[in-house]
Amino acid sequence: MASGRAVVVGSYAVGLTIRTDVFPIPGETRLGSGFEEGPGGKGSNQAIGLARLGAGVSFVGCVGDDRFGREALELLAREGVDTGSVRVVDRVPTGVGFIVLDADGNNLIVLDPGASGRLDGALVREALAGSIGAGDLVLTQLEISEAAAAAALGAGRAAGATTVLNPAPARVLDAATLASVDVLSPNETELRILSGLAPDASADDAVLAEGLLARGVAAVVVTRGSAGALVVTRDGSRSIAAPRVEVVDSTGAGDAFNAALAARLLTGDSIADAAAWAVAAGALACTRSGVVPSLPTRGELGAAMGAGPNRPPTTEARFAAR
């Protein structure tokens, strides 16, 4: 069981999803099908993912005073997430994300943060004051303002908590923000943006991660889709393979990965062992449609790893393709 609690500081947004065979090019209109509406936002998703994996978790964020906001509070409470630090903002809509999926399960996402854009550093510091300590974990992302994310990381570092930043969507961050990060979890595109390169630049992931270590990050876990993950610390690097799965929808994979990474770090796992569980969680999420429905429970992830819920982790993910 986790020895501390997780505090997730981030966004809530409603996901509006449509499927099409091929992504449209600029100026093109294509017919789609299978429209769905569902809860999303990286902060909310990762908080729910942590709760499903057995962690005690609180969510710090903002929603609008509208139907979507009320549904957000009901969902989080139903999933076992503490919503005492969720601010309801008057006359501002709850965030909305527009998601397009192609026939291969790849996704394009455009997000209007809405009320989440009102989450600032002062609100974050107020929410975290006196509520976290050593043994806890603070997880944040970049769907909120950099000031809010930096406040979360700074408060976590000052309290002796483990700090995790999922830098999505990526942007170049200042040295003070990076120096407050214990674990940074970019994908390969985000890694390049954080390093000041073009998103599609040809570069070695390990070398780029080492550059971020030099700027103050304690450890970097690079997600690589079907290739698994790369863990880079000052002691060296390690690749973790992903199990082969039939991809139905990759939209929730990153959030499942980060929730599992944080949950296992809370139990005291090493970075490499936590990343192995995270890779398995991300792969498992790809086999299901939707974001929240794809987030695995503790029992499901334990079964996927071939381990009971209280057995030590393994760095080999061993579940068959579905």
Side-chain angles (χ1 to χ4, degrees), residues 2 6 42 46 49-50 53 55 137-142 153 156-157 161-168 170 173 177-195 197 203-245 250 253-286 296 301-302 304-307 312-319:
K42 286 189 172 296
Q46 292 173 21
L50 273 155
L53 294 172
L137 181 144
V138 175
L139 169 61
T140 191
Q141 317 80 26
L142 296 178
L153 296 166
R157 175 58 58 85
T162 298
T163 58
V164 181
L165 173 62
N166 174 216
L173 298 174
T177 299
L178 289 173
S180 296
V181 178
D182 290 319
V183 182
L184 185 72
S185 60
N187 63 27
E188 292 177 290
T189 298
E190 292 156 357
L191 176 64
R192 281 149 181 75
I193 295 172
L194 288 165
S195 302
L197 302 177
D204 183 87
D205 288 350
V207 172
L208 295 182
E210 288 166 0
L212 292 170
L213 296 184
R215 294 168 61 190
V217 176
V220 180
V221 181
V222 185
T223 61
R224 298 166 122 179
S226 62
L230 176 69
V231 178
V232 183
T233 69
R234 290 177 176 81
D235 295 326
S237 62
R238 180 173 185 173
S239 294
I240 297 174
R244 291 185 299 170
V245 297
S250 64
D255 294 333
F257 181 100
N258 281 278
L261 181 71
R264 297 307 304 187
L265 290 173
L266 269 174
T267 69
D269 279 6
S270 69
I271 295 290
D273 282 330
W277 284 83
V279 165
L284 183 57
C286 287
L301 183 54
M305 290 290 288
T314 172
T315 52
E316 180 186 3
R318 299 192 302 267
F319 63 88

Do any pairs count as a side-chain hydrogen bond (donor to acceptor under 3.5 Å, both in side chains) and have a residue in residues 204-223, sequence neighbours left out, and if so which ones?
R192-D205, D205-R224
Backbone of A278 reached by a side-chain donor or acceptor of R264 within 3.5 Å:
no
Taking all non-hydrogen atoms of both residues, which atom of A203 and which atom of L208 are closest, and how far apart?
CB-CD1, 3.7 Å
In terms of heavy-atom contacts, L53 and P296 come closest through CD2-O, 3.7 Å
Looking only at non-hydrogen atoms, find the nearest pair between A280 and M305 and report the distance.
CB-SD, 3.4 Å
What one should report as the nearest heavy-atom pair of P167 and L184 is CG-CD1, 3.9 Å
From L197 CG over to L191 CG, what is the distance, rounded to the nearest 0.5 angstrom?
8.5 Å
Should V181 and L212 count as side-chain neighbours, where that means a heavy-atom distance under 4.5 Å?
no
Side chain to side chain contact (heavy atoms under 4.5 Å, CB included) filter on A209, not counting sequence neighbours, yields V220, V232
Hits for side chain to side chain donor-acceptor pair (under 3.5 Å) against T162, two or more places apart or cross-chain, chain-then-number order -> none
For T163, check side chain to side chain donor-acceptor pair (under 3.5 Å) against everything at least two apart and list the hits.
D182
Specify the closest pair of heavy atoms between R238 and A272, including all atoms of both residues, with the distance to one decimal.
NH1-CB, 3.8 Å
Main-chain N/O of D273 paired with S270 side-chain donor or acceptor, under 3.5 Å:
yes
Please tabulate, for the side chains in residues 254-263, all donor-acceptor contacts under 3.5 angstrom to protein atoms that are two or more places apart in sequence or on a different chain.
| unit_1 | atom_1 | unit_2 | atom_2 | d |
| --- | --- | --- | --- | --- |
| D255 | OD1 | K42 | NZ | 3.4 |
| D255 | OD1 | Q46 | NE2 | 3.0 |
| D255 | OD2 | N45 | ND2 | 2.8 |
| N258 | OD1 | S185 | OG | 2.5 |
| N258 | ND2 | G254 | O | 2.8 |

Quick one, V279 and P243 - any side-chain contact, counting heavy atoms below 4.5 Å?
yes
Heavy-atom closest pair (A170 atom, L142 atom, distance to 0.1 Å) is CA-CD1, 4.5 Å
Partner residues of S226 under the side chain to side chain contact (heavy atoms under 4.5 Å, CB included) criterion, sequence neighbours left out:
none
Residues in side chain to side chain contact (heavy atoms under 4.5 Å, CB included) with I271, at least two apart?
V183, A219, V221, V231, L265
How long is the gap from CG on L139 to CG on L153, to the nearest 0.5 Å?
9.5 Å
Sub-3.5 Å donor-acceptor pair from the side chain of N166 to the main-chain atoms of A168, do we have one?
no
Report the residues that fulfil side chain to side chain donor-acceptor pair (under 3.5 Å) with T233, sequence neighbours left out, ordered by chain and then residue number.
none
Please tell me if the side chains of L194 and L173 come closer than 4.5 Å, counting only heavy atoms from C-beta onward.
yes
